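Please read these numbers as outputs of a predicted model, since none were measured by experiment. Lettering of chains follows the sequences in order, A, B, ..., and the numbering in each one begins at 1.
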Amino acid sequence: MRLIFEKSIPDRRGVKLPMDDVPKAKSLRGKYLRKESALLPEVSELDVVRHFTNLSKMNFSVDTNFYPLGSCTMKYNPKFCEKAAAVDNFSNLHPLWPQLLKDDYLAQGALEVLYETEKQLCAITGMAAFTMQPMAGAHGELTGAMLMAAYHKTKGGRRKYIIIPDSSHGTNPASAALAGYEVIVISTDSDGCMDLGEFKKHLNKDVAGVMLTCPNTLGIFNPRIKEISDAAHEVGALMYYDGANLNAILGKCRPGDIGFDIVHLNLHKTFGTPHGGGGPGAGPVGVTEDLVKFLPISVVAKDDRGKFYLEYNKPKSIGYIAPFYGNFGVILKTYAYILLLGKEGLTEASDAAVLAANYIRVSLKNDYDLPYDKICMHECVFSASKQKEQSGIMALDIAKYLIDNGVHPPTVYFPLIIKEALMIEPTESESKETIDSFIELMKKIAKLAKENPQELKNAPGNMPVKRLDETKAARELNLIWNP
Amino acid sequence: MNIEKGLFYTKDHDWIKIDGNQATIGISDYAQHALGDITFVELPGIGKEIKQQETLSTIESVKAASDIYAPLSGKVIKVNEALNETPELINTSTYNEGWIAVVELDKPSEKENLMDATRYEEYLKTLE
Amino acid sequence: MSYVPHTKRQEQEMLKVIGLKSKEELFRDIKPELRAKSFDLPEGLSEFEVLGRIKNLAAKNQAELINFIGAGFYDHFIPAAVDALVSRPEFYTAYTPYQPECSQGWLQAIYEYQTVICRLTGMEAANASMYDGGTALFEAVMMAIRVTGKNKIIIDSGLNMIYRTMMYTYTSNLNIEFVETKVVHGRSCREEIFKYLDDKTAAVIIQNPNFFGAVDDYSDIVEKAHSLGALVIMSVYPVSLGILKTPGEMDADIVTGEGQSLGIPLSFGGPYLGFLATRKKLVRKLPGRIVGATTDEDNKRGFVLTLQAREQHIRREKATSNICSNESLCALRALVHLCLLGKKGLINLAKLNYNKAEYAKALLDKVKGVEVKRSSPTFNEFTVHLSKNADEVVSIMYKKGFACGFPLGRFYRDMDNYLLISITEKRTKGEIEKLVKALEEVLCD
């Protein structure tokens, strides 16, 4: 499709501005002014509407396609949550409102939403308090790593390392490094869990914390998790829970009950807020009682009269991590989602997500290698190694053939420890009919890999573009349009 | 897998051509295969003093990035500027035009730690 | 209500295939001692009930004030088409476009977004978005440190206080030396900046217009910084770039800013949009996702995520940043907004803001007890000195229905009588005149 810039016609306009009802002011001096105007497209409103509507149709999305992208929890997000977030008096509320008056905090309704959502998340995770400020999962991880640093500073000194299993998301080591830590990577044992012996060997008083995803990225819940957290606490290290996979255990297990000290949640995975093509999300961070005093400024609190206020007097706090209170619009959707589903609804969601993943696991295990053949949680990880060996068909080819058939591929080539990984997370939202047709399609692909691999190699052929030359993109960088 | 005779190799899959107290460094055929189409090579600065096992360069392909560790200590005296424009030389001319840097050696004795072509070939067999 | 589609019968069929009798058996790895000690949430509600609750809460927010507060976050007009287009589920229920063939819509939109950000700022490359203006600035600092191999950062204190405090939080465990240089009469102090600038400096951070509203040409600082091998990072207000000299024209190296003013609602502090742009030669040190154009097997143009080897999912602890989720949907808002405005619309919008602010300044100048600070030119925000304590004035003005400005004493000592007033295109001549009249009453009282 042509770029919007290629549709530009000089002097065409897309929007009428409010009236210029004041006398014209004397212009700024030339040295403060730009010499050439910004070359934005000159298009009509319909040009813009048609352009972006047609672009939107070139995307797969949860509302249009099955999207079993592992680790991303592409569940259906109720339309109601969107409606709730668009309510007037929230969407047009200036974030400095609570700071307008010295003795009264305006925006009581918004503060109550933050306060109540925090309470909901505490109940779900078993933590003592949350900061709602982190704006994404990785932002929560960075906040968590900074909380560890603040904690150890008060306990007698800086620690050097954070322990992370090799199955982790890339954000874990990247966040730890950004907070100034060195990373110790622990390998995965034959049960698909962090190798306990190796872990204990590396654990000492220089370790600030242990970052774990639970269930992990292989979809496996570590039954010896308590043993890990006990050992970590023994040397004074903190346990960090990466909440990317919380959707598996709602109502079953709470990180706060099994020894985790710091938790981040991905509201855009578990709690009814869509991914927006990559964001915005929200990554609130919860902590145990001992760590509450380190949480970022400000904190929403409630006084004796039931009025909400912002607490800024927190001498031990790590400081400011967001301009205000976090991605409020996203938090509002989560608040609505948890109210809608309630206790039973959330538990049912985890039940169904785990049921669907295991159904796929068992249904496809004769067709694809299953490196860890045991009950999984919300996702299962296959490998296309067998296909690669048989006929050179790789996970990538399988992905492209799925695209041609209207299914968004699973996460491929992750976790890094599985060769030719295919990581499938069906979520609770998808019907048995949808899942059955996916299983059929995957079986057909396994058969094609044996009998007619070229058909897979040729995919996709039904999409707006065929396979794209990523090497060329990286070598001949073309990052903005120049006519 | 092509293993050029007369060169030295490391376990990190660098190749080293030693000429007096100068060493020309590149990555082996095995390494360029593993990385795939090379898209970028970050060259070290000329004059940079580098110790054995410190990062000399970083090589990127579409889906991977790999640090190249200095196989020997010394001072960088020449870098392969051609890689700025045509990083794919590492894929197409691995042991010739795909060289990365020339280092003037501090401790020529460090080359004792390197493998010759035969030993490298044996080493590769252990990785399969 | 759980939105789970399975019937009881289907559940049984699925369990049978798995070889289990009950759903509970699926969770056998979570042993009894690991089970939730409580799960204290209420029963689910209907949409109707939840909407009632949310509307009740909304009614507790006084959003109806006539707003003259900006302080980095502005009340601009958003055309209906922006909301309509970002509400297409094919955009908002998609994930990051890792699979290019089924994400061309998103990828092309991000490529177009990168292009408009570069055209706005005069830069050559931009990423797909950061969380907000503050985190974008932090990433810009980390980038400058990577590029230069130095670790001293000079911050002009005309930079928004919020961003300064965020920066100090993020870097508190890192080895970075910060020097803050003072602002004199609202303008950055060249003398101080040049005093601290040396060959150990990684970057100088400047905001234009600065927090007090002052507009400046920083070419002299850029030239000096470059002569010592330091970079210049500029944080900018995108609407002002309709008319103001661009960071590109001043030869800055990295540009960041808060994109909220480009069609993103104030929404009580987020989600917003951090933009980050730079020179092409620094692009490999840029954090975040980047889209590039390429071709497919038939030589047809298409778009992919490129330079991924910089990112956390490949480089892990050596990545240029830890960012994964970003603010794509807000970036799409900014793109659509800028397309609707177009080349002339953006200029007219900027002029409208400037004119209205100048009109307000002229009227306020005549009010007894108000002194408009005129040491620097301004765009749509300016500082006034009041004869009374600004906090008290704000409280009384609130009762009259105005959010009349931000009392600078909240952020700065010795500025208790100063007010920061912002005027966007949404404020009418009548509202400006009412504000002036009400202020006059309060100050004469």
Option in A:M74, A:H268, A:H169, A:E45 with maximal non-hydrogen atom pairs under 4.5 Å from chain C
A:M74
Ring-plane angle category for C:F268 and A:F328, please: parallel below 30°, perpendicular beyond 60°, tilted otherwise.
perpendicular
Just by distance, with hydrogens left out, do C:E112 and A:H51 show a side-chain donor and acceptor under 3.5 Å apart?
yes
Can you say whether C:K37 sits under 4.5 Å from chain A via the side chain, the backbone, both, or neither, judging by heavy atoms?
both
Between C:L341 and A:L17, is any pair of side-chain heavy atoms under 4.5 Å apart?
yes
Please find out if less than 6.0 Å separates the ring center of C:F73 from that of A:F324.
yes
Side chains of C:D132 and A:M135 in contact at under 4.5 Å (non-hydrogen atoms)
yes
Is the distance between the ring centroids of C:H313 and A:F414 under 6.0 Å?
no
Cation-pi between C:R28 and A:F221: NZ/CZ under 6.0 Å from ring centre and within 45° of the ring axis?
no
Against chain C, work out which of A:E141, A:R12, A:K83, A:H408 has the most heavy-atom pairs shorter than 4.5 Å and name it.
A:H408
Using non-hydrogen atoms only, which part of C:C118 is less than 4.5 Å away from chain A: side chain, backbone, both, or neither?
side chain
Ignoring hydrogens and angles, state whether a donor on the side chain of A:T171 or C:R316 is under 3.5 Å from an acceptor on the partner side chain.
no
Side chains of A:Y76 and C:T93: does their closest heavy-atom pair fall under 4.5 Å?
no
Do A:K343 and C:F39 meet the cation-pi criteria used here (NZ or CZ under 6.0 Å from the six-membered ring centre, within 45° of the axis)?
no
When the 4.5 angstrom heavy-atom criterion is applied to C:R410 and chain A, the contacting part is side chain
Going through the distances and angles, do C:K60 and A:E112 end up as a salt bridge (Lys or Arg N to Asp or Glu O under 4.0 Å)?
CA-CA 9 Å; C:K60 294 185 191 174; A:E112 188 168 344; 2.9 Å; yes
